[in-house]
Amino acid sequence: MKIATWNVNSIRTRQEQVVNWLNHNPVDVLCLQETKVIDENFPRSPFESLGYNLYIYGQKSYNGVAIFSLKPLEQVIMGFAPVLTIEQVGNVDEQKRVITGVVDNIRIVNLYVPNGSEVGSDKYEYKLSWLKLLKDYLRSLLEKPPYNLCVCGDFNIALEDRDIYNPKNKTNHIMASPAERQALQDILDLGLADAFRKFISEGGHFTWWDYRQGGFTRNRGWRIDHHYLTPQLYEQATNCIIDISPRELDKPSDHTPVIVEF
DNA sequence: ATGGCCAACGAAGTTGGA
């Protein structure tokens, strides 16, 4: 079984690239982020024609997540609210960033973690509070069957220095600040492990490159898209790879897909 | 050396991304 994650930076702009990629990489599940479209305008048919069941949770212009699955998903939940209390969630679900469903005894959680803008900004504080809410959400899901979780998506955090092309002077940089890393580590302490690091220890492997200043051609990248697994799934993982080929195309997303295999 | 991104919205320039 293969589960992929890909921030496509607009599904309508990237539709053809995603179809082509799925034709060459017929993964069982594809988790998408930044679809940037309301559900009624989502281009469903190109993907349904490939045999996928679509579960989409979008909004106008910003954010938006979706799961494509060859097998139908069970227990699909959109947003935090159905899992947590109204008091906890407040208005956080106005931004569509979380969708989950179950297939083959695995609960797949697809996330688009807030960017955070600049360290110390209001959006940065929102990111940190969102991550606290995510921890409560995941703790709740871990208490229910099927217990096996694959938490994947665009985390907008490089957990370690080896996940950044040049980690110097990044303590005050978004995606690498100590508070962000600690917030993510607190979540992993629930009992989740990085699938990619089971197989590859060295640095120099990235999933996002800035559009500006030739980020990709100079390989100035960051590894911010992840699969985090509960222990049994982690043991069962047989591979985890980053496919940089979509990033080489004309008009690419700034992210590229990551695939875990069981 | 210069100025050097991309998408949505909406019809020019702003906002957000990371």
Side-chain angles (χ1 to χ4, degrees), chain A residues 5-18 31-43 56-66 91-98 110-131 134 152-184 203 205-226 242 244 246-258:
Chain A
T5 181
W6 191 2
N7 179 324
V8 291
N9 187 15
S10 169
I11 188 59
R12 288 179 292 181
T13 299
R14 230 62 65 193
Q15 175 184 322
E16 184 178 347
Q17 290 185 17
V18 177
C31 295
L32 300 174
Q33 303 88 34
E34 282 207 272
T35 53
K36 292 187 171 179
V37 65
I38 57 174
D39 294 350
E40 64 188 47
N41 291 345
F42 195 102
I56 60 180
Y57 184 51
Q59 68 181 84
K60 187 176 178 180
S61 303
Y62 304 119
N63 310 314
V65 286
N91 62 359
V92 171
D93 278 340
E94 288 176 6
Q95 299 185 19
K96 310 308 184 193
R97 298 179 177 275
V98 187
N110 177 22
L111 304 174
Y112 176 46
V113 177
N115 165 293
S117 190
E118 293 180 13
V119 173
S121 67
D122 288 348
K123 288 177 182 171
Y124 179 77
E125 297 302 325
Y126 181 86
K127 181 178 192 174
L128 295 177
S129 61
W130 194 95
L131 288 165
L134 176 63
C152 63
D154 175 3
F155 285 76
N156 274 320
I157 298 173
L159 190 63
E160 300 175 303
D161 282 353
R162 58 180 167 166
D163 299 321
I164 311 174
Y165 73 96
N166 176 7
K168 292 194 194 317
N169 305 318
K170 294 296 190 296
T171 54
N172 208 36
H173 192 294
I174 202 70
M175 303 189 291
S177 70
E180 289 169 84
R181 286 177 165 180
Q182 187 59 54
L184 178 51
H205 298 272
F206 309 124
T207 66
W208 171 84
W209 299 259
D210 200 313
Y211 283 125
R212 295 167 290 191
Q213 289 145 356
F216 183 69
T217 51
R218 301 160 83 176
N219 199 26
R220 295 182 165 193
W222 296 58
R223 197 175 71 89
I224 57 175
D225 300 85
H226 309 292
I242 300 167
I244 67 164
R247 190 63 178 79
E248 298 171 321
L249 300 173
D250 287 336
K251 302 276 288 180
S253 168
D254 44 357
H255 297 250
T256 212
V258 188

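Numbered from 1 within each chain, the chains take letters A, B, ... in sequence-line order.
Residue A:K251 has a polar side-chain atom (N or O) positioned under 4.0 Å from OP1 or OP2 of B:dA7. Neither OP1 nor OP2 of B:dC6 sits under 4.0 Å from any side-chain N or O of A:T13. A close approach under 4.0 Å does not occur between any side-chain nitrogen or oxygen of A:K60 and OP1 or OP2 of B:dC9. When the side-chain nitrogen and oxygen atoms of A:S117 are compared with OP1 and OP2 of B:dG16, none of them lie within a distance under 4.0 Å. At the phosphate of B:dC6, neither OP1 nor OP2 sits under 4.0 Å from any side-chain N or O atom of A:R14. Put simply, A:R247 has no side-chain N or O that comes within less than 4.0 Å of OP1 or OP2 on B:dC6.
Nearest-nucleotide positions on DNA chain B place A:K36 closer to the 5' end than the other of A:G116 and A:K36.
Using a 4.0 Å heavy-atom criterion, one finds that A:W208 contacts the sugar-phosphate atoms exclusively. Within 4.0 Å of A:F155, counting heavy atoms only, lies no atom of the nucleic acid at all. Using a 4.0 Å heavy-atom criterion, one finds that A:D154 contacts the sugar-phosphate atoms exclusively. As judged by a 4.0 angstrom heavy-atom cut-off over every strand, A:N7 is placed among residues touching the sugar-phosphate backbone only.
Nearest heavy atoms, A:Y57 versus A:D93: OH-O, 3.7 Å. Nearest heavy atom pair, residue A:K36 against residue A:N9, reads NZ-OD1, 2.8 Å. In terms of heavy atoms, A:R223 sits closest to A:H226 at O-CE1, 3.2 Å. Taking both residues in full, the closest heavy atoms of A:P178 and A:T171 are given as CD-O, 3.1 Å, listed atom of the first, atom of the second, then distance.
Here, B:dC5 and B:dA11 have their P atoms 24 Å apart, quoted to the whole Å. Across B:dA8 and B:dA12, the matching C1' atoms stand 14 Å from one another, rounded to whole Å. B:dG3 and B:dA7: their P atoms are spaced 24 Å apart (whole Å). The same atom, P, is picked in B:dT14 and in B:dG10; the two are 16 Å apart, to the nearest Å.
Of the candidates B:dC6, B:dT15, B:dA7, B:dT15 carries the atom nearest the A:Y62 side chain, counting heavy atoms from C-beta on. Distances were taken from every side-chain heavy atom of A:R97 (C-beta onward) to each of B:dC9, B:dG17, B:dA7; the shortest belongs to B:dG17. For A:N9, whose side chain is taken as the heavy atoms from C-beta onward, the closest listed nucleotide among B:dG16, B:dA7, B:dA8 is B:dA7.
The nearest whole Å value for the distance from the CD atom in A:Q17 to the C1' atom in B:dC6 is 13 Å. Rounded to an integer number of Å, the gap from CZ of A:F216 to P of B:dC6 is 14 Å. Put simply, CD on A:Q95 is 12 Å from C1' on B:dG17, counting in whole angstrom units. Between the P atom of B:dA8 and the CD atom of A:Q15 lies a distance of 12 Å, rounded to the nearest Å. One interatomic measurement links the two molecules: CG of A:N156 to P of B:dG16, which rounds to 15 Å at whole-angstrom precision. For the pair A:K123 NZ and B:dT15 P, the interatomic distance rounds to 9 Å; values are reported in whole Å. B:dG16 atom C1' lies 13 Å from atom CG of A:D210, rounded to whole Å. For the pair A:R220 CZ and B:dC5 C1', the computed distance is 15 Å after rounding to whole Å.
With salt bridges taken as basic N to acidic carboxylate O contacts below 4.0 Å, one links A:D161 and A:R181.
In the model, A:D163 has no side-chain atom that pairs as donor or acceptor with a side-chain atom of A:W222 under 3.5 Å.
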